[in-house]
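Each remark here refers to the structure printed beneath this line.
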Amino acid sequence: NAGVTQTPKFQVLKTGQSMTLQCAQDMNHEYMSWYRQDPGMGLRLIHYSVGAGITDQGEVPNGYNVSRSTTEDFPLRLLSAAPSQTSVYFCASSYSGLPEDTQYFGPGTRLTVL
Amino acid sequence: AQSVTQPDIHITVSEGASLELRCNYSYGATPYLFWYVQSPGQGLQLLLKYFSGDTLVQGIKGFEAEFKRSQSSFNLRKPSVHWSDAAEYFCAVGAGYGGSQGNLIFGKGTKLSVKP
């Protein structure tokens, strides 16, 4: 199986544009999440989902929307991009969301907002 | 509030030397602790994790970590570093942030450079 996949790998946006970062997993995992990684900040949780139809906010949710219509997919939407959203975005998944479960991370999407 | 501190931003060691990366956490109960590694341009890979039991845990790639409750620490060690270990290392705690215990709080990372 492919694990956690993310598209695109790189994206450049202008301020105010919208876009969707795609994340998919083929491991039948219930739990999925989005993190952003900024230099010197580590990874910070944006949104997460514990199953299809269930989403919740993380530490830094402002400016981002998510939905979970299927178990496999967990897209992250930027409705009106801002330069502060320039970052590397990682999607992760685990079987049930319990901390004992290993979380698998995707390769990341590097987003630049001009 | 839960937090993770990695005091060292950047460490350089010689190939073959031993390595210890420091991690301190703040959490009221027994935490779930993790170490991840990120190679340049890559995603994160789990090295090891601690939940309970033996406080010395073994991971992949020859890494180990020791949980010390009295010091709120979970330091990562390797007896002999290889050039391929050059990467960024993140300590994380699974602290139930936001209502799901699967949510992780990460430290800011320690970048490891290896001298030949």
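All chains are named by letter (A, B, ...) in the order of the sequence lines, taking the proteins before the strands, and each is independently numbered beginning at 1.
Residue contact with chain A, scored on non-hydrogen atoms closer than 4.5 Å, is absent for Gln6(B). Interface remark: Leu44(B) contributes backbone and side-chain atoms alike to the contact with chain A (heavy atom separation under 4.5 Å).
A single hydrophobic cluster is seen to contain both Ile60(B) and Tyr50(B), as judged by linkage of ILVMFWY side chains at heavy-atom distances under 4.5 Å, directly or through other members. Hydrophobic clustering (side-chain heavy atoms under 4.5 Å, transitive across Ile, Leu, Val, Met, Phe, Trp, Tyr) keeps Leu21(A) apart from Val4(A). Linking ILVMFWY side-chain heavy atoms closer than 4.5 Å, directly or via other members, places Leu45(A) and Ile54(A) in a single hydrophobic cluster. Residues Tyr95(A) and Met32(A) do not share a hydrophobic cluster, clusters being chains of Ile/Leu/Val/Met/Phe/Trp/Tyr side chains in contact below 4.5 Å. Grouping the Ile, Leu, Val, Met, Phe, Trp and Tyr side chains by contacts below 4.5 angstrom, directly or via other members, places Ile105(B) with Phe74(B).
Proximity to chain B at a heavy-atom threshold of 4.5 Å picks out Thr102(A), Gln103(A), Phe105(A), Gly106(A), Pro107(A) from residues 102-109 of chain A, in numerical order.
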Checking Asn103(B) against Tyr31(A) for the side chain to side chain donor-acceptor pair (under 3.5 Å) test, could you report, in this order, the C-alpha distance in whole Å, the side-chain angles of both residues, the deciding distance, and whether it holds?
CA-CA 10 Å; Asn103(B) 296 337; Tyr31(A) 176 89; 2.3 Å; yes
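When all heavy atoms of Gln37(A) and Phe90(B) are compared, the closest pair comes out as NE2-CZ, 3.1 Å. Across every non-hydrogen atom of Met41(A) and Lys108(B), the tightest pair is C-CG, 4.0 Å.
Sparse packing is recorded around CZ of Arg110(A), with 12 or fewer heavy atoms of other residues, nucleotides or ligands lying under 6.0 Å away. Heavy-atom neighbours of Phe51(B) CZ from other residues, nucleotides or ligands within 6.0 Å: above the threshold of 12.
Between Leu104(B) and Tyr35(A), some side-chain heavy-atom pair lies under the 4.5 Å cut-off.
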